[in-house]
Amino acid sequence: MPGTIIKYAVNNQKTKYFHVLHDDGETITMQQRENTIYNTIWNSDNDNKRGPLIALEKLEEATNYWDNVINQDYNMGTTKFGTADNGFSGCKEHNVCNYNHYTIQKNNVKARMITIQETAALNCTTSNKSCPNWMNNYLFYSTSSGGTENDNYGTDGKSRNYGYWTMSTLVDGSTTRAWVVRNYGLVVSSHVTTYTNSGARAVVVISK
């Protein structure tokens, strides 16, 4: 069931908390409860057609030792995650890939980011507080998810869970913006080169 929290050993030494995004039959797709990486840009050149190069690179570095999750293959802008008929696309719109045909060098990785279609399937919109509470970034406001104030700020005092990037670019055709899940429970657009306290939250696939 979406939102179910799972404590999962990503390898023999580390255990992380995840929320279920969707049951895919023989596998389950989950998103880490907290941001995996913090305060990063989406990419570095104001061109979203190149994809979330910086955010994905940092996410791949942070999760490459997660031995107990299934490797995922993607070609940015064309890949559908899940079954062929009911997948979730990294494109600007579900099944519309004629605008963002971009690829990245490394495409076999342990984790990716959530897509805008996956947020829509969970009822997220651009309206305030439309996302489920368990997707909220300020975990210390969501005690049912086990959050504490320490989850929100690092030792440097900077916000660590203010928002998290998606795989998807902005639907309106802008080449400089991408979608973010914001802390107050909705999706918003943000400049791809702006440090907005947004991070990336690992989306992984495990066997049932």
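Side chains are part of it too, since the values below use all heavy atoms of this structure and drop only hydrogens, waters and symmetry mates.
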Give the C-alpha distance, both sets of side-chain angles, the deciding distance and a yes or no for side-chain contact (heavy atoms from CB on, under 4.5 Å) between Val181 and Thr119. CA-CA 8 Å; Val181 179; Thr119 69; 4.0 Å; yes

What pairs of residues pass the salt bridge (charged side-chain N to carboxylate O under 4.0 Å, His left out) test when at least one of them lies in [range], not counting sequence neighbours?
range	answer
residues 61-75	none
residues 37-46	Asp45-Arg50
residues 12-21	none

Drop me the distance from [X]'s [atom1] to [Y]'s [atom2], to the nearest 0.5 angstrom.
X	Y	atom1	atom2	result
Asp24	Ile206	CG	CD1	10.5 Å
Cys124	Lys129	SG	NZ	14.5 Å
Met113	Trp42	CE	CH2	7.0 Å
Ile37	Thr40	CD1	OG1	5.0 Å
Thr193	Ile54	OG1	CD1	10.5 Å
Leu122	Met135	CG	CE	5.5 Å

For Lys208, salt bridge (charged side-chain N to carboxylate O under 4.0 Å, His left out) partners two or more places apart: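 So Lys208 forms a salt bridge (charged side-chain N to carboxylate O under 4.0 Å, His left out) with Asp23.
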
Are [X] and [Y] side-chain neighbours, meaning at least one heavy-atom pair lies under 4.5 Å?
X	Y	answer
Pro52	Asn43	no
Met167	Trp179	no
Phe81	Thr29	no
Ser198	Tyr164	no

Got a donor-acceptor contact below 3.5 angstrom from the Glu60 side chain to the Arg112 backbone? no

Where the side chain of Arg177 meets the backbone of Ser189, is there a donor-acceptor pair that is under 3.5 Å apart?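 Here the side-chain-to-backbone pair exists.
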
May I ask you to list the residues sharing a hydrophobic cluster with Val205, side-chain cutoff 4.5 Å, ordered by chain and number? Ile70

Are [Y] and [X] co-members of a hydrophobic cluster defined by side-chain heavy atoms under 4.5 Å apart?
X	Y	result
Val203	Tyr65	no
Val10	Ile6	yes
Val204	Ile114	no
Met30	Ile116	no
Tyr17	Val20	no

Side chains of Asn71 and Asn108 only: does a donor on one sit below 3.5 Å from an acceptor on the other? yes

What residues, two or more places apart in sequence or in another chain, satisfy side-chain contact (heavy atoms from CB on, under 4.5 Å) together with Thr176? Asn46, Ser174, His191

Heavy-atom pair with the smallest gap, counting every atom of [X] and [Y]:
X	Y	value
Ala202	Ala111	CB-CB, 3.8 Å
Val192	Trp165	CA-CH2, 4.2 Å
Asn68	Ala9	ND2-O, 3.0 Å

Testing Thr36, Thr166, Asn35 one by one against Arg201 for a side-chain hydrogen bond (donor to acceptor under 3.5 Å, both in side chains), which residue passes? Asn35

Could you label the plane-to-plane angle of the His19 and Trp134 rings as parallel, tilted or perpendicular, counting under 30° as parallel and over 60° as perpendicular?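 Ring orientation, 0 to 90° scale: tilted.
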
Using 30° and 60° as the class limits, which term best fits the ring planes of Phe18 and Trp66: parallel, tilted or perpendicular? perpendicular

